[in-house]
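For the numbers below, each heavy atom of this structure counts, side chains included, while hydrogens, waters and symmetry mates do not. Letters go in sequence order (proteins before strands), and every chain restarts at 1.
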There are 2 protein chains.
Amino acid sequence: MNIRQDIHNSEIPLLCQACEARHRGLCGALDPSQLVALSKQSWKQTVETGSELVGDAEKVASYSNVLSGVIKLSKTLADGRQQIVGLQFAPDFLGRPFKTESALNAEAATEVSLCSFPTALVERMMKDSPELEHRLLVQTLKELDEARDWMVTLGRKTAAEKVASFLLLIARNINPCRPLSQKEVVFDLPLTRADIADFLGLTIETVSRQMTILRKDGVIAIESNRHVTVRNMERLERRAGA
Amino acid sequence: MNIRQDIHNSEIPLLCQACEARHRGLCGALDPSQLVALSKQSWKQTVETGSELVGDAEKVASYSNVLSGVIKLSKTLADGRQQIVGLQFAPDFLGRPFKTESALNAEAATEVSLCSFPTALVERMMKDSPELEHRLLVQTLKELDEARDWMVTLGRKTAAEKVASFLLLIARNINPCRPLSQKEVVFDLPLTRADIADFLGLTIETVSRQMTILRKDGVIAIESNRHVTVRNMERLERRAGA
DNA sequence: CGATAGTTTGACACAGCTCAATAGGCGTGG
DNA sequence: CCACGCCTATTGAGCTGTGTCAAACTATCG
């Protein structure tokens, strides 16, 4: 039995054919011949929860597209206090071009699958393909917008609002095929309470207490610590403080 | 008496000849003919302290280079709580390409001079000039790094560390010709106590108290509320918590 | 079924907030 | 030049939200 050759896919490397990043991610900027060049030097990998992808102040040899799972980007003060400064979902691009050393720590919050390529190759292709650099600019601007939104959460919201904001963020990002604006949303939390605390600038205990309040008030339901049902998105949004 | 025609400057528009942004800013990406095209549709303006440059959810018709002064970028919650999410100094680029509506508020924190141009023109030039888009990407990545650094300050530092971090930020950015790593640094604060509080996620009173402590401990000196002398940068750095 | 890591709950402490009063800087007008 | 008023900043006193420490509970997995 022959595999039907789809015209659209005929020149696309096998590695890329089923890849999300080719559509919504960075690789969408590349034409088939560029995809072939990139795919020859790229590799897919699956990493387990907790493994460090990029260390702070470490040389970075590869960039990646996130294909599935959640990555946490964090910074640590000298005395060990930690702050998560961003979460990355598929099909985000992981890496900081034009800098050899990372200024932050990237760690798999869940099991994560990646498609990685050498930094040098990406930077070379960026010179040749303005469209690639354009996509990267668009993603970077998006991340900057998100970072600034989160600064409001960190600086001006109460613990209750912070936790609601976090649940809202996850509800909106974790399900790739999210039917927006439906009342009830179900997902597994990609982060532990400790991670959530580090993301919100709170302690584990405060996060836990606020989750309990949301549960007792019937805004959410929780099963076995990780599995969350948002009973009513609107109420959650109201609790997140605009 | 003739003005000597410098070869380097001979084709540069008058408007641009003394401009900082042509060297360290975005315009450095442009060749003389592009500079001429841009300068024909650009204009310099000076705006006074407190005037709003871009309103939240407002249509943006022009982008600008900051030539002098300080701009604060802020976001406001429904009930009026405010957070400053970034400060811009010369020769930063003010604007958010690829979005017609602003998601934040830009206001002159001091008297500010700007060189402005129509958004449409910049976006057209970006298509033709990858170098321009490249510079914008580099600036955006820098702002993202800064935003993430500040998230650590907002989420994990104490009030004392926050105020020290703020003074450090200003000391490092306000003086264009800063002789780095000299022990004593003098500057005028570009922000009121209320602005500082909104930047740090604190109240005016807490900011004031922490400044008083720094003053009494001899780390800084303050004259007439705005004029600050950092007596010892190293001590200030230590108080900022890494 | 016990071990371990993660989570919840409780009691208490304290950093930073709120409200209120005072002090200082600066421009205006006598 | 001083007197006044306005605005901003400082200082004080008390309160409260969130952190700290400690203990109990729960899920998961061998």
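For the OP1/OP2 pair of D:dT11 and a distance below 4.0 Å, the side-chain nitrogens and oxygens of B:T212 include at least one atom meeting the criterion. Note on B:T203: a side-chain N or O is less than 4.0 Å away from OP1 or OP2 of C:dC17. Phosphate contact (OP1/OP2 of D:dT18, side-chain N/O of A:R209, threshold under 4.0 Å): absent. At the phosphate of D:dT18, neither OP1 nor OP2 sits under 4.0 Å from any side-chain N or O atom of A:T206.
When rounded to the nearest whole Å, the span between CD1 of B:I220 and P of D:dA9 equals 14 Å. B:I222 has its CD1 atom 11 Å from the P atom of D:dA9, to the nearest Å. For the pair A:D198 CG and C:dT7 P, the interatomic distance rounds to 12 Å; values are reported in whole Å. The nearest whole Å value for the distance from the CD atom in B:Q210 to the P atom in D:dT10 is 12 Å. Between A:I196 atom CD1 and C:dT8 atom C1' the separation is 13 Å, expressed in whole Å. What separates CD of B:E223 from C1' of C:dC26 is a distance of 16 Å, to the nearest Å. Distance, B:H227 NE2 to D:dA9 P: 16 Å, rounded to whole Å. Between the CG atom of B:L202 and the C1' atom of C:dC17 there is a distance of 10 Å, rounded to whole Å.
The residues A:R235 and A:D217 are annotated as not salt-bridged, no charged nitrogen and carboxylate oxygen being separated by less than 4.0 angstrom. A salt bridge does not link A:D56 to A:K75: none of the charged nitrogens lies less than 4.0 Å from a carboxylate oxygen. The pair B:R156-A:D79 fails the salt-bridge criterion, with no side-chain N (NZ, NE, NH1 or NH2) lying under 4.0 Å from an Asp/Glu carboxylate O.
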For salt bridge (Lys or Arg N to Asp or Glu O under 4.0 Å), just list the numbers for B:D198 and B:K72, CA-CA rounded to whole Å, side-chain angles, deciding distance to a tenth of an Å, and then say yes or no.
CA-CA 10 Å; B:D198 282 346; B:K72 51 187 205 210; over 6 Å; no
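Where A:I204 and B:E205 each meet DNA chain C at their nearest nucleotide, the meeting point lying more 5' is that of A:I204. Mapping A:S224 and B:R156 onto DNA chain D via the closest heavy atom, the residue that lands nearer the 5' end is B:R156. Comparing A:S208 and B:A159 against DNA chain C, the residue whose closest nucleotide sits nearer the 5' end is A:S208.
Within the nucleic acid shown, A:T192 comes within 4.0 Å of sugar-phosphate atoms alone, with no base atom in reach, counting heavy atoms only.
A distance of 8.5 Å separates OG1 in A:T153 from CG in A:L169, rounded to the nearest 0.5 Å.
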